[in-house]
Amino acid sequence: MMKKFIHIDMDCFYAAVEMRDNPKLANVPLAIGGNSRRGVLSTANYLAREFGVRSAMSNYHAKQLCPDLVIVPGRMAVYKEISSQIREVFSRYTHLVEPLSLDEAYLDVTDSKACKGSATLIAQQIRADIYNATGLTASAGVAPVKFIAKIASDENKPNGQFVVLPNEVDPFLEQLPLGKIPGVGKVTLERLNLKGLYTGKDVREKGVNWMQQHVGNFGVLLYQKCAGEYIGSVSTERIRKSLSVEHTYEYNKTSLQECLDQIPSLIDELTRRLDKQQLQSRINKLSVKVKFANFVVTSADQAYHQLNTEIFVQLLTKAYQRGLQQPVRLLGIGVGIKSQPEHNLQLSILD
Ligand code: TTP
Ligand code: MG
């Protein structure tokens with residue numbers, strides 16, 4: 001049975017909201033960002049993007065590219081409110097909705113009766129409904145394969161949509177640059193390029209065995225995606241398997257003691273989050289994460305049934321030592337959460 005997926009993604013979401021709510025910002029290059037030393041932008045409007053300004057770019061770099069750039073702080077509460085408005089729109093068409101972030105979701109409309117079952121028309125109507133409800137534009141991708149819908153939603157941004165019909169899936173995958181596949185980041189892409197893999201066609205030609213031998217298990221998954229064998233499904237319930245808190249420091253920590261000093265405040269924060277979701281009784285693992293100045297990330301964990309400062313100290317010491325005195329940029333601690341008995345599953349489902 002052929003599936004029909006829609007991926008919806010709001011256009012320059014935070015920036016679009018600020019432009020909507022403040023006419024002075026409507027026609028200037030605009031970015032959303034904080035002002036800390038490590039301040040990076042959350043996003044930028046399309047005018048600013050013409051100068052090369054991008055998400056995650058430092059304020060400083062962005063200003064160099066675009067001296068007239070206006071940077072305003074974000075208003076998270078407003079974005080969350082709009083997010084629930086767009087989720088309400090989705091629910092008019094299907095209950096099979098998988099939100100990926102505030103401004104983005106996958107929908108499975110295979111069995112939807114709206115628009116005589118045309119996913120293309122449903123996508124159009126959802127975008128119109130979103131505009132009516134919020135005054136903001138969204139883009140959509142439509143495809144019989146889940147991850148293709150996501151790639152497609154970027155094709156005609158902003159305020160556009162792109163449909164990949166069933167008979168277009170193969171040619172689409174063949175020409176697909178691997179870097180566009182969700183989960184293939186910059187480092188992975190470089191690794192693939194070194195093996196002569198640039199497009200879906202390259203991967204298909206190598207075959208699944210070659211991919212297994214030369215790229216490993218990830219290579220098999222990548223092969224399945226490129227071969228159109230990986231249809232995907234919308235998962236409506238995200239069941240918690242872990243919970244963690246982390247902090248990127250304004251100034252790098254340069255000694256083990258400085259890192260260990262952070263544990264109490266991290267535990268406080270984690271405790272607060274665990275209590276909020278009533279998860280303390282389901283802890284089955286403690287973990288720490290360290291990101292060094294060179295961006296290398298390492299982690300360590302140990303099975304345990306409750307928060308314990310001493311164990312975090314041991315784990316952090318172990319992880320820190322792998323850095324060979326490198327300064328530390330980020331520290332995080334977390335817990336593994338054991339699953340619930342079946343009849344209790346509702347409690348572990350996040351909204
Ligand atoms: P995206 O959908 O990735 O970007 P966007 O909506 O701003 O632009 P596009 O039109 O290309 O979809 O992210 C949605 C929001 O999430 C974005 O408006 C701000 C926030 N965000 C960050 O805070 N940091 C980031 O690095 C990214 C990518 C997004
Ligand atoms: Mg977006």
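Note that ligands are numbered from 1 as they come in the structure, with each ligand's atoms numbered from 1 the same way.
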Original post:
Is any N or O atom of Lys157, backbone or side chain, closer than 3.5 Å to an N or O atom of ligand 1?
Top reply: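 Yes, Lys157 has an N/O under 3.5 Å of an N/O on ligand 1.
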Determine whether more than 12 heavy atoms belonging to other residues, nucleotides or ligands lie under 6.0 Å from atom [atom1] of [X].
| X | atom1 | result |
| --- | --- | --- |
| His247 | NE2 | yes |
| Tyr230 | OH | no |
| Lys63 | NZ | yes |

Taking the side chain as everything from C-beta on, heavy atoms only, tell me whether [X] gets closer than 4.5 Å to [Y].
| X | Y | answer |
| --- | --- | --- |
| Leu307 | Phe312 | yes |
| Arg20 | Ile82 | yes |
| Val184 | Phe218 | yes |
| Gln224 | Val220 | yes |

Original post:
At a 4.0 Å cut-off, with the gap strictly under it, does some heavy atom of Ser101 reach an atom of ligand 1?
Top reply: no
**OP:** Could you tell me whether ligand 1 has any atom less than 4.0 Å away from a heavy atom of Arg54?
**Re:**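 Distance cut 4.0 Å: Arg54 fails for ligand 1.
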Please classify the [X] to ligand 1 contact at 4.0 Å (heavy-atom distances, strictly less than): side chain, backbone, both or neither.
| X | answer |
| --- | --- |
| Met76 | neither |
| Tyr46 | side chain |
| Met10 | backbone |

Look at [atom] and say which protein heavy atom is nearest, naming residue and atom and giving the distance to 0.1 Å.
| atom | value |
| --- | --- |
| atom 29 (C) of ligand 1 | Ser42 O, 3.5 Å |
| atom 1 (P) of ligand 1 | Asp103 OD2, 4.2 Å |
| atom 15 (C) of ligand 1 | Tyr14 CE1, 3.9 Å |
| atom 8 (O) of ligand 1 | Arg49 NH2, 2.8 Å |
| atom 26 (O) of ligand 1 | Ser55 CB, 3.8 Å |
| atom 4 (O) of ligand 1 | Thr43 OG1, 4.3 Å |

Original post:
Heavy atoms of the protein only: does one fall short of 4.0 Å from atom 12 (O) of ligand 1?
Top reply: yes
Original post:
Would Phe5 and Tyr106 count as a close aromatic pair, with their ring centres under 6.0 Å?
Top reply: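 So the answer is no for these two rings.
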Basic-acidic side-chain contact under 4.0 Å: [X], [Y]:
| X | Y | result |
| --- | --- | --- |
| Asp11 | Arg127 | no |
| Lys180 | Glu155 | yes |
| Lys291 | Glu246 | no |

**OP:** Taking both backbone and side-chain atoms into account, decide whether Asp103 has an N/O/S atom under 2.8 Å from the Mg ion (ligand 2).
**Re:** yes
Subject >> Opening angle between O in Met10 and OD1 in Asp9, taken at the Mg ion (ligand 2), to 10 degrees >> reply: 80°
Subject >> For Phe13, atoms of ligand 1 separated by under 4.0 Å from a heavy atom >> reply: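 Going through ligand 1 atom by atom, the ones under 4.0 Å from Phe13 are 5 (P), 6 (O), 7 (O), 18 (O).
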Subject >> Distance filter under 4.0 Å to Asp11 heavy atoms, resulting ligand 1 atoms >> reply: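 Checking each atom against Asp11, I get 10 (O).
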